[in-house]
Amino acid sequence: MRSVKSLLAAGAATLISSMAFAADMPIAAPPPMYAPPAPPADFGGWYLRGDVGMTNQSAKRIDSATAQAFPTQTVGLGFDSSPLFDLGVGYRFNNWFRADVIGQYRGKANLHGADNVIAPGFVGSDNYSGSKSEWVVMANAYVDLGTWWCITPFIGAGVGGSYNKLSGFRDDGVQIAAGVPSNSVTYFADNGKWNLAWAAHAGLAYKVSPGFTVELAYSYMDLGDAAPGNFRAYDNSISGASTIKVKDITSHDVKLGVRWELNSPPAYMPPLVTKG
């Protein structure tokens, strides 16, 4: 009996000491709660761009300050297509807004058109020919409309200046007055002039990699007017300052472009969680 009491006493003492030891141990902190990664912040940075494309140009009319005895009808006035090239630098402010400045060369496009006159006792036609080219400097702003499968549609607008140059401009005239036919050829010196220019853009951008994007874009360009230089008749019978102007030159352009980001967006790294 005495041995049983001794065993009970020893067991109780062991239990009490274990409980006291457990009470002295620190309580472990609960595991941290899971938090989804934060979306990356809007990223901004500089980029370079370049484009190649084709123009589809037209003009509203050809004006002359010289008074016309009869009303004229302009027919076939326009330009052949020509290539364009541009380079620029821009800045992306965030994931949806960017802006750039470009310098663009638009190659020579052949000019064609005529002013015809049909009146009592008089028939005449002035047939125009020559070529036109431009240097354009323009500031553009774009809004990216969201990205699906790495494709981003965008719209934009631009404003700047266009140096429009007419080269080899020529007026071949023919007329029949009172039954008497006559012909004339008038040559004009090459001449260029600066105009206010503006544009509207729309297109699709495909992000090949975080730092490289390809664009397919359409631009409507308003390039202002163009005017040839001084004129002289083929027989030097008359010469002087030209009063002719090619009015309201516009163009529908299709371009393929690329953009190189100078600062690629940083990769998102979730915070490292450690146990306390």
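Just so you know, these numbers use all the heavy atoms, side chains as well, and skip hydrogens, waters and symmetry mates.
Hydrophobic cluster membership is shared by Leu48 and Phe212, with clusters built from Ile, Leu, Val, Met, Phe, Trp and Tyr side chains linked at under 4.5 angstrom. Residues Leu216 and Val208 fall into different hydrophobic clusters, defined by Ile, Leu, Val, Met, Phe, Trp and Tyr side chains chained together at heavy-atom separations under 4.5 Å. No path of Ile, Leu, Val, Met, Phe, Trp and Tyr side chains, each step under 4.5 Å between heavy atoms, connects Ile102 with Val159, placing them in separate hydrophobic clusters. No single ILVMFWY cluster, assembled from side-chain heavy atoms under 4.5 Å apart, contains both Leu84 and Leu256. Both Val214 and Leu262 are part of a single hydrophobic cluster, where members link through side-chain heavy atoms under 4.5 Å apart.
Among pairs with a residue in residues 195-214, none fulfils salt bridge (Lys or Arg N to Asp or Glu O under 4.0 Å), at least two apart in sequence or across chains. Applying the side chain to side chain donor-acceptor pair (under 3.5 Å) test to residues at least two apart or on different chains, the pairs with a partner in residues 226-235 are Asp235-Ser237. Residue pairs satisfying the salt bridge (Lys or Arg N to Asp or Glu O under 4.0 Å) criterion with at least one member in residues 171-200, sequence neighbours excluded, are listed as follows: Arg170-Asp172.
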For residues 219-229, which side-chain donor-acceptor pairs fall under 3.5 Å, sequence neighbours excluded?
residue	atom	partner	partner atom	Å
Ser219	OG	His201	ND1	2.7
Ser219	OG	Lys255	NZ	3.2
Asp222	OD1	Gly224	N	3.3
Asp225	OD1	Asp248	N	2.9
Asp225	OD2	Lys247	NZ	3.2

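Between Gly50 and Trp260, the closest heavy-atom pair is N-CZ3, 4.3 Å.
Between Lys108 and Ser82 there is no side-chain heavy-atom pair separated by less than 4.5 Å. Contact annotation: the side chain of Met54 never approaches that of Val254 to less than 4.5 Å [non-hydrogen atoms, C-beta and beyond]. Between Val143 and Leu145 the shortest side-chain heavy-atom distance falls below 4.5 Å. The side-chain heavy atoms of Trp194 and Asn164, taken from C-beta on, include no pair separated by under 4.5 Å. In this structure, Val185 and Tyr187 have side chains that are in contact, with non-hydrogen atoms separated by less than 4.5 Å.
Taking Phe154 as the reference, Arg98, Tyr142, Asp144, Ala205, Glu215, Ala217 meet the side-chain contact (heavy atoms from CB on, under 4.5 Å) condition, with sequence neighbours excluded. Annotation: side-chain contact (heavy atoms from CB on, under 4.5 Å) contacts of Trp135 (sequence neighbours excluded): Tyr105, Tyr163. The salt bridge (charged side-chain N to carboxylate O under 4.0 Å, His left out) check on Asp115 picks up nothing, with sequence neighbours excluded. Remark: Phe79 engages Gln57, Ala59, Ala109, Leu111, Lys132, Val246, Ile249 in a side-chain contact (heavy atoms from CB on, under 4.5 Å) (not counting sequence neighbours). When the side-chain contact (heavy atoms from CB on, under 4.5 Å) test is applied to Val174, the partners found at least two apart in sequence or on another chain are Ser125, Asn183.
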Q: Start with the C-alpha gap between His252 and Tyr218, add the side-chain angles, then the distance that decides, and say whether side chain to side chain donor-acceptor pair (under 3.5 Å) holds.
A: CA-CA 7 Å; His252 300 272; Tyr218 161 81; 2.7 Å; yes
**Q.** side-chain contact (heavy atoms from CB on, under 4.5 Å) evaluation trace for Ile244 with Phe188
**A.** CA-CA 10 Å; Ile244 288 178; Phe188 295 79; 3.7 Å; yes
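The CZ atom of Arg61 lies 9.0 Å from the OG1 atom of Thr74; values are rounded to the nearest 0.5 Å. The distance from the CG atom of Leu77 to the CD1 atom of Ile62 is 5.0 Å, given to the nearest 0.5 Å. Annotation: the span from Thr213 atom OG1 to Glu261 atom CD amounts to 5.5 Å, rounded to 0.5 Å. Between atom OG of residue Ser242 and atom CZ of residue Phe231 there is a gap of 7.5 Å, rounded to the nearest 0.5 Å. To the nearest 0.5 Å, the span separating CG on Asp126 from OH on Tyr128 amounts to 4.5 Å. Taken to the nearest 0.5 Å, the CG atom of Asn191 stands 7.5 Å off from the CG atom of Leu166.
In the hydrophobic clustering (ILVMFWY side chains linked at under 4.5 Å, chained through shared members), Val137 stands by itself. With a 4.5 Å cut-off between side-chain heavy atoms of Ile, Leu, Val, Met, Phe, Trp and Tyr, the cluster of Val101 takes in none. Applying the under-4.5 Å side-chain rule to Ile, Leu, Val, Met, Phe, Trp and Tyr, the cluster around Trp148 extends to Trp149.
Between the side chains of Thr55 and Ser81, not a single donor N or O lies within less than 3.5 Å of an accepting N or O. No side-chain donor from either of Ser162 and Arg106 sits under 3.5 Å from a side-chain acceptor of the other. No hydrogens or angles considered: a donor-acceptor pair under 3.5 Å links the side chains of Thr152 and Thr147.
In summary, Asp100 and Arg49 engage in a salt bridge, as defined by a charged side-chain N under 4.0 Å from a carboxylate O.
Ring geometry for Phe93 against Phe97 counts as tilted: the plane angle lies between 30° and 60°, on a 0 to 90° scale.
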